[in-house]
Structure formats: C-alpha cells, structure tokens
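Worksheet: one structure, shown below.
In each ligand, atom 1 is the first atom listed, and ligand 1 is the first ligand listed. Quick caveat, the model's predicted, so the values are computed rather than measured.
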Amino acid sequence: MELKYKDLVSTIQNEAPFKPELAIILGSGLGNLADHLTKVKSISTADLPGYPKSTVKGHKGFIHFVKYEGKKLLLFQGRIHFYEGYNISDCLLPVHIIHKLYCFNTIITNAAGGVNLSFKPGDLMLINSFYAFNIKKELLEVLNLPTLDQRNSFLNFPSKKLSELIKTASLEANIYLQEGSYWFGKGPSYETPAEIKMMLKFGIDAVGMSTAHEAVYAQSLGMEVGGISLITNYAAGLSSTKLSHKEVIDTANEAQNRFESLIKKAIILL
Ligand code: HPA
C-alpha cells in the first residue's frame, strides 16, 4: 500500500491546506453533508492518477478539506467497496490518506439494512461492535501486522471517546440514536432472507458492506474510530417490499437532515 499509493498520497499531502482534526467517511447517500459545508479545498479523486473509481450511485468521489465552527475536517464523499471488485488494500486507501495527513480521529458512516426488529428505515445507529470474521483472513494478510496487540485491533472498536461524543451529540441535537452491532457482508449482492434469519438468531442489529475493514485498519494505525449506520431499509425478508439500491438512496435522502444535525453537533463538541 505504501509504495503503490506513494505518489497519490504525496499529491494530497502537498495540496492539504491544514492538518485535519477529524475525518469522516460518508456512506451511501450520506455525501450531501459535504455539499452543505464550506470547503477550503476539494480534490476530485478522478484527478488523482491511480485512485480507484467508485462505481456506485450516491458516491461522488471527492476529498474535501472543510472548516466548520473552527474545526478542521477531512470529508470523503464516496468510498471504495470490496464488492466493486477492488481488493481490500484499495478499499483501505481513504484510511491510509487520513493517517498520512496525521489525522487521528475518524468517524465512519454507512447505509445499512436493519436486522433488529425494533429498527425502522431512517433510524441512526451507533455501531458498538462488528462481525468481520468473513474478511479477517484477507484483511490480516494485507495489514501484515507484526504484533499481537496490532492484530487484536479487531477487538478495540469503537473508540470510547468518539462513541461518547456521538452519544452526547445525539442528546444535545435531540436526535434519537439506536445502538447495535454491524455485520460486514462482502457482497456483491444483498443478503438472502435465510441469511437475515440467521443474523436475527445471532442477535445482529444491522448489515452492510463496508466499515469493518476500514475501522480495523484505522485502529491498527493508532486512530480513534467511531461508526454510525443509517438504517436505510428492513433487511431482506423482513418486509414485503423488494430491497433495492434506490430504496437505500431514497431513505438516505429523507434522513439527511437528521444525519447532518448529528454530525454537525459532534463536530462542534469535538
Ligand atoms: N444489506 C447490505 N448492505 C446494505 C443494505 C442491506 O440491507 N442496505 C444498505 N446497505
């Protein structure tokens, strides 16, 4: 990763107007937050030779340097998914960049299907743990972590500091926050109803196709990492309607305001 992306990272380092205090990776349909903040500098990932292209609707492909209420932020509008056919090290590029800009606080966000029967589309969920055993092997091979402590980064998520920040922000902004566990699915398709039935029995709360590997990598680099899921749909088989990417994006659009209020409050409280 170091070598493959060396030039790309140097370009971003040279263009960076400041050292960010907080980085936020914006999930499917949640990128609008970046459109509503004043940018100090925006870099289109299409202008960075070698940056993997996002093929998913709702992922624009920008890295924004933003100042909000005096806080210096780095926003990733668009992410790289494993299910798009990229290998895991490409998917970790945003975290690699965050680290190379000496930013040590990251909030990872995503759209997810609600498995917990008390969740409904539009709910926001603080991620309190994740299931990543179906990706552990690939991930640990790529990370090549020399010490047992680093390999156990899997166990440290989420950061107490950032989770407390998000919880306090939800109280102050008066936005209801669910809390629960996130299942990382490799994709490329949504789950089958039978898989969701299994997850229900396991006590899993939400399911998506991102975040877990990014969180592990960020922790192995010594960062504080928090996670928020926007529940965009009932997971497969839990509602009579057929699951679609359009439903995911539509719900994300409807929930934008609450998501933005929560994030903005967290930024202010940082
Ligand atoms: N499953 C997996 N990923 C998702 C879902 C889902 O139901 N909704 C949004 N991303």
Going by atom types alone, do Tyr5 and Asp90 pair a side-chain donor with an acceptor below 3.5 Å?
yes
Considering the heavy atoms of Met209, write down every atom of ligand 1 situated less than 4.0 Å from one of them.
2 (C), 3 (N)
So, do Phe184 and Tyr131 have ring centers that fall under 6.0 Å from each other?
no
From Leu73 CG over to Ile24 CD1, what is the distance, rounded to the nearest 0.5 angstrom?
5.5 Å
Quick one: does Glu191 get an N or O within less than 3.5 Å of an N or O on ligand 1?
yes
Taking ring-ring contact (aromatic ring centres under 6.0 Å, His included) as the definition, give me every residue that meets it alongside Phe62, ordered by chain and number, with sequence neighbours left out.
His64
With a heavy-atom distance limit of 4.0 Å, tell me whether Ala112 approaches ligand 1 through its side chain, its backbone, both, or neither.
backbone
Out of all atoms in ligand 1, which are within 4.0 Å of some heavy atom of Asn233? Include the element for each.
5 (C), 6 (C), 7 (O), 8 (N), 9 (C)
Among protein heavy atoms, which sits nearest to atom 5 (C) of ligand 1, and what does the distance come to when rounded to 0.1 Å?
Gly113 N, 3.4 Å
Show me, pair by pair, the donor-acceptor contacts under 3.5 angstrom made by side chains of residues 261-270, not counting sequence neighbours?
from: Ser261; atom 1: OG; to: Asn257; atom 2: O; distance (Å): 2.8

Using a strict 4.0 Å cut-off to heavy atoms of Val248, name the atoms of ligand 1 that fall inside it.
8 (N), 9 (C)
Among all protein heavy atoms, pick out the one at the shortest distance from atom 3 (N) of ligand 1; state its residue, atom name and that distance to 0.1 Å.
Gly208 CA, 3.4 Å
Phe130 and Phe157 aromatic ring geometry - parallel, tilted or perpendicular at 30°/60° bounds:
tilted
Let me confirm one number: the OH-OH distance from Tyr83 to Tyr190, rounded to the nearest 0.5 Å.
7.0 Å
Check each of Phe184, Tyr182, Trp183, Tyr190 against atom 4 (C) of ligand 1 and report the one with the nearest heavy atom.
Tyr190
State, to 0.1 Å, how close Ser159 and Glu224 come at their nearest heavy-atom pair, and which atoms those are.
OG-OE1, 2.7 Å
Ignoring hydrogens, just give me the one of Ile249, Thr232, Leu230 whose non-hydrogen atom is nearest atom 9 (C) of ligand 1.
Thr232
Proximity to ligand 1 by part of Leu243, non-hydrogen separation under 4.0 Å
side chain
Give me the residue, atom name and distance of the protein heavy atom closest to atom 10 (N) of ligand 1.
Ala111 O, 3.3 Å
